Amino acid sequence: MTALPFIDLTPRREHQWFAEGITGEITDALVQVPGLHVVARDAEAVLEGRVYEAGGRVRLSAELKRTADGYKFWSQTFDRPMSGVIAVEQDIAAQIVKRVPSARGWHPRKLRHQASGEAYQAYLEGRSWFGRGGVEALRKAIERFEKATAEARGLCADLKQKLKVEHIDDDLKQYPSLSFYRQGEFIDLCRGPHIPHAGKIGAFKVMTIAGAYWKNDSTRPQLQRLYGTAFFNQKDLDAYLTRIEEAKKRDHRVLGKQLKLFTISQMVGSGLILWMPKGATVRGILESFIKDELLKRGYSPVYTPHIGRLELYRTSGHFPYYRDAQFPPMYHRPSAGTLDLCQYRLAMGEIDEKREHDYQEYMRQAHMLPPEYLKEPSQAKKLEMMHQFVLILLKELHVNLPEYHRATNHKDRADALLKWLMEQEGFLLKPMNCPHHIHIYKAEPRSYRDLPVRLAEFGTVYRYEQTGELNGMTRVRGFTQDDAHLFMTPEQVESEFRDNLEFVLFFFRTLGLTDYRVRLGFRDPASTKYVGEAADWDAAQTSLEKIVKSLGMSYTVEPGEAAFYGPKADFVVKDCIGREWQLGTVQLDYNLPKRFDLEYVGADNKPHRPIMIHRAPFGSMERFMGILIEHFAGAFPLWLAPEQVRIVTVSDKFRAYGETVERQLRDKGFRVAGDYRPDKMGAKIREAQLDKVPYMLIVGEKEQSAGAVAVRARVEGDRGVKPVAEFIDCIEREVQTRSLTATI
RNA sequence: GCUGCUGUAGCUCAGCUGGUAGAGCGCGUCCUUGGUAAGGACGAGGUCCUGGGUCCGAUUCCCAGCAGCAGCUCCA
């Protein structure tokens, strides 16, 4: 091991936790991570800036892929469990080491017992990979070889890579042969391609490490995944990192705070947006903009309440289908909630993790949680205990439910309970507006002459999103959709759908949103989550694609992305760090009209079933606002800016004149503020710049005597002195045309 | 929900492996009355996320919870 490189993992506070040599062992262990090659080089490169190497350079490599940003690389997911815990630097380095598989006798050993805490040292036993191959091994070419599938399976089994074996059995056995890559003695099943050898990587950085489900399936085990990026040289890497930093400055969560657009309070609840005056101003302008357009296009405004009876959502299917993503139902009888929970689980026939906590809580409150329940490992027995609990509850409530008692299995018991629950008055915070709008449609008989009926509302809905999904304004638990539901004859579907796509495009164009993609969400034929007849789906999907084609839009068809009731076209945009969000959406629905038994009278004087379109050009005001903040980097165009003009006085003496200018602008309907503090003008200008106010009007001696203002545009700077009236003309025009200039 | 990281003043963060905390910006008061991105002085402001535990002593170490961040899963 003499001249061999090693990683020095600097512990958080001191160095003496690790015996010298341990670091080499860690490198050694890293080598064994499937898909991760460790390369020794001459340089002082660091891993995440904190892992130093004595005589060489550590590099990670794996699949390289060219992207718009350069090269990206990521490791394969690890194949074996970890067994060591190391207290080192708090970030990446520790994570890598922590996750290294145990193949070579990786032993954690308690090093020292602090007053309370424990520190661990970990060390490896066994021969060193470097020890045998040395640096030369790392410079070896990465070679590809192929094996017949059966042989390949055997090789993976020999390497004790059980997930690879599983992968072959599940998905790869259809291929006659499989490819491997080898560097020295490291062998990995991989489709490739690979770089010729790891030395090709000039600079890399491990970006993040995170869990990922095996085969992206949340019921399967979770593995660790390393994300990194690699470039041919350090300069390109630095440039890339700088670009990322710049992008993060556009983050709507950062700008929203800085510019006082919105806030989120833990007390009010996570995922619930509090729109501050400036954010609310922008939203209000957007809403009026939409409302005006809707009126022009023949929509009728409606208002509906924020809650509805559970029965409504049972009929629509939303309550049973999205049960876990909703706030709990509200029953008048408190115990009905508990029975509802039991009914749900008896119906499912399993104890789901998500509801277990709630269930135990109810049981505990009812003094009905026996220790046996907690210890019971069998799901079937737990369900049986739940059933016994229901019996007691029914008795105590004096609920006579003969059907429940007669039932011999959980499914029938669940049905009996459901029947009772349906008689109980219960409400749900509305997760969707459509059921309410449907009942407006149903409130009067409809003739084909009335169609299409277009009902629009800024409808606020509530969904209990998983904690891990919440994200600023883009993923929240309460949001307002710029929603509308259209009811029409089959003949009208095509033109209505087309109009709506154009509608969305019109908004996006107005706001300068050009970087989006169109996604056609179709049914996944293999999935059971969809309702309705296959024939309806096929018809809907075919006509949808036809319309999109005829509009000349580029799009991708994505099976499995449909709503449960119908196919849809979504407009998807990226946020400042490249994550995709669905904004505008137009959805076809043949199912809800059936569920709610909607009708219209046709020309033949017979009842017919209308077809529905759900559409929301912005998606939700919250998400749209979030994306818009990032799109404009907080610098809204004049027509949207919460503060359009700021008066800046050169000194205190000109306050009175400043106020007359302010009044003139306000009378014309502009959003204007005056900064009359006795600070230096330069400081006040700087503040207005940072507040991203489009126009500053500097007033002092010169302006006062001329009845004018010195105009400073946020982007171009000083534009010279103008009479007030002339300035007003200018900005009136800019607002009317919804100009997007000066928004950088 | 899962994996990992983080949680200190209004904001951004520092606090050197345990002895009741600091900076910059912001805020307040006073001085300064100026010409296109930061004038100066003084001052106020903190349950160090919450709850347990270890210890003579915990912001610091341990456990649990909550919240935020990144990724995965989900997204009507």
Side-chain angles (χ1 to χ4, degrees), chain A residues 11-14 16-17 77 87 90-92 94-95 98-99 112-119 207-214 216-227 251 253-254 257-258 264-266 269-271 313 316-319 321-322 324-326 352-354 357 431-435 461 463 465-472 475 481 529 561-566 568 577 579 581-582 585 587 589 592 614 623 648-654 678-690 696 698-703 710-714 717-721:
Chain A
R12 187 168 187 163
R13 292 188 175 104
E14 282 189 23
Q16 74 263 26
W17 282 8
T77 46
Q90 65 243 44
D91 51 20
I92 306 289
Q95 298 316 316
K98 205 163 158 183
R99 293 295 165 174
R112 153 179 177 201
H113 207 92
Q114 230 175 314
S116 47
E118 287 167 0
M207 303 302 284
T208 183
I209 183 164
Y213 295 109
W214 172 233
N216 282 348
D217 179 347
S218 60
T219 64
R220 293 185 196 249
Q222 196 166 35
L223 310 167
Q224 288 302 308
R225 187 182 287 172
L226 281 165
Y227 290 81
D251 192 321
R253 293 163 298 190
V254 174
K257 193 179 272 182
Q258 266 170 22
I264 299 170
S265 149
Q266 283 191 32
S270 49
Y313 299 104
S316 70
H318 290 110
F319 179 57
Y321 190 83
Y322 288 105
D324 284 329
Q326 281 162 358
D352 57 311
E353 290 292 327
K354 278 182 187 165
H357 177 83
M432 282 285 278
N433 298 305
C434 32
V461 297
R463 301 176 185 175
E465 304 286 5
Q466 301 184 88
T467 52
E469 311 308 337
L470 297 176
N471 189 282
R475 194 77 185 267
Q481 298 175 311
K529 79 169 198 176
E561 290 294 325
F564 77 92
Y565 49 69
K568 57 179 184 167
I577 55 174
R579 288 178 297 206
W581 300 97
Q582 173 195 315
T585 180
Q587 313 180 348
D589 184 357
L592 283 182
H614 309 234
R623 179 176 292 179
V648 174
T649 45
V650 170
S651 91
D652 244 2
K653 292 183 223 154
F654 310 104
D679 285 337
K680 288 196 75 134
M681 186 194 76
K684 296 199 279 188
I685 287 177
R686 176 168 192 270
E687 205 162 301
Q689 287 285 137
L690 293 175
M696 283 148 263
I698 319 296
V699 295
E701 181 65 45
K702 272 188 293 180
E703 292 76 18
V711 179
R712 180 187 163 94
R714 196 186 59 80
D718 195 349
R719 277 209 200 157
V721 177

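Lettering follows sequence order; numbering is per chain, from 1. Every value quoted in this text rests on a predicted model; they were computed, and no experiment measured them.
- Of the candidates B:G35, B:A38, B:U73, B:G35 carries the atom nearest the A:I698 side chain, counting heavy atoms from C-beta on.
- With B:A76, B:U36, B:G1 as the choices, the nucleotide that has an atom nearest any side-chain atom of A:T467 turns out to be B:G1.
- Comparing B:C75, B:A37, B:A76 by their closest approach to the side chain of A:R623 singles out B:C75.
- Between B:G7 and B:U12, the distance separating the two C1' atoms is 14 Å to the nearest Å.
- Looking at the side chain of A:Y322, the nearest of the listed nucleotides B:U12, B:A76, B:C66 is B:A76.
- Nucleotide B:C72 forms a Watson-Crick or G-U wobble pair with B:G1, both donor-acceptor distances falling under 3.5 Å.
- Within the 4.0 Å cut-off from OP1 or OP2 of B:G35, not a single side-chain nitrogen or oxygen of A:K680 is found.
- Proximity note for A:Q689 (side chain, C-beta onward) versus B:U33, B:U12, B:A37: the nearest is B:A37.
- Pairing for B:U60 is absent, judged as Watson-Crick or G-U wobble with the two contacts each under 3.5 Å.
- Taking only side-chain atoms of A:D652, from C-beta outward, the nucleotide of B:A37, B:U33, B:C74 with the closest atom is B:U33.
- The base of B:G35 sits within donor-acceptor range of the side chain of A:E703, with an N or O pair under 3.5 Å.
- Under 3.5 Å, the side chains of A:R623 and A:Q481 contain no donor-acceptor pair of N or O atoms.
- If you check B:U33, B:A76, B:A70 against the side chain of A:I577, the one that comes closest is B:A70.
- Across all strands shown, B:A44 forms no Watson-Crick or G-U wobble pair with both key distances under 3.5 Å.
- You'll find that the side chain of A:S270 is closest to B:A67, out of B:G1, B:A76, B:A67.
- Going from the P atom of B:U8 to that of B:C2 covers 24 Å, rounded to whole Å.
- Using modelled atom types, one finds a donor on one side chain and an acceptor on the other under 3.5 Å when comparing A:Q587 with A:Y565.
- Across all strands shown, A:G566 has no heavy atoms under 4.0 Å from either base or sugar-phosphate atoms.
- You'll find that the side chain of A:A683 is closest to B:A38, out of B:A38, B:G35, B:A67.
- A:R686 has no side-chain polar atom (N or O) that falls below the 4.0 Å cut-off from OP1 or OP2 of B:U36.
- For the pair A:Q587 CD and B:A76 P, the computed distance is 7 Å after rounding to whole Å.
- At the heavy-atom level, A:Y565 lies under 4.0 Å from the strands shown only through sugar-phosphate atoms.
- The base of B:C75 lies close enough to the side chain of A:R475 for a donor and an acceptor atom to sit less than 3.5 Å apart.
- Comparing the same atom, C1', in B:G40 and in B:A21 gives a spacing of 28 Å after rounding to whole Å.
- Of the possible donor and acceptor atoms, none in the side chain of A:K568 sits under 3.5 Å from a partner among the backbone N and O of A:T585.
- The side chain of A:R712 contributes an N or O atom lying less than 4.0 Å from OP1 or OP2 of B:A37.
- As judged by a 4.0 angstrom heavy-atom cut-off over every strand, A:K684 is placed among residues making no nucleic acid contact.
- Of the two residues contacting RNA chain B, namely A:G682 and A:S651, the nearest-nucleotide position lying further toward the 5' end is that of A:S651.
- Of all nucleotides present, only B:A67 satisfies the Watson-Crick or G-U wobble test against B:U6, with each distance under 3.5 Å.
- Within 4.0 Å of A:L470, counting heavy atoms only, lie sugar-phosphate atoms of the nucleic acid but no base atom.
- Spacing of P atoms, B:G65 relative to B:C13, comes out at 26 Å, to the nearest Å.
- For the pair A:N433 and B:A76, the criterion of a side-chain N or O lying under 4.0 Å from OP1 or OP2 is not met.
- Distances shown here put a side-chain N or O of A:R579 below 4.0 Å from the OP1 or OP2 atom of B:A70.
- Contact annotation for A:E687: no contact, since no heavy-atom pair falls under 4.0 Å across all strands.
- With B:U36, B:G1, B:G71 as the candidates, the nucleotide lying closest to the side chain of A:Q466 is B:G1.
- In this structure, A:A710 reaches the bases: a heavy-atom distance under 4.0 Å links it to at least one base atom across the strands shown.
- Heavy-atom distances to RNA chain B give each of A:M432 and A:E469 a nearest nucleotide, and the one nearer the 5′ end belongs to A:E469.
- Base contact: A:R463 has a heavy atom under 4.0 Å from a base atom.
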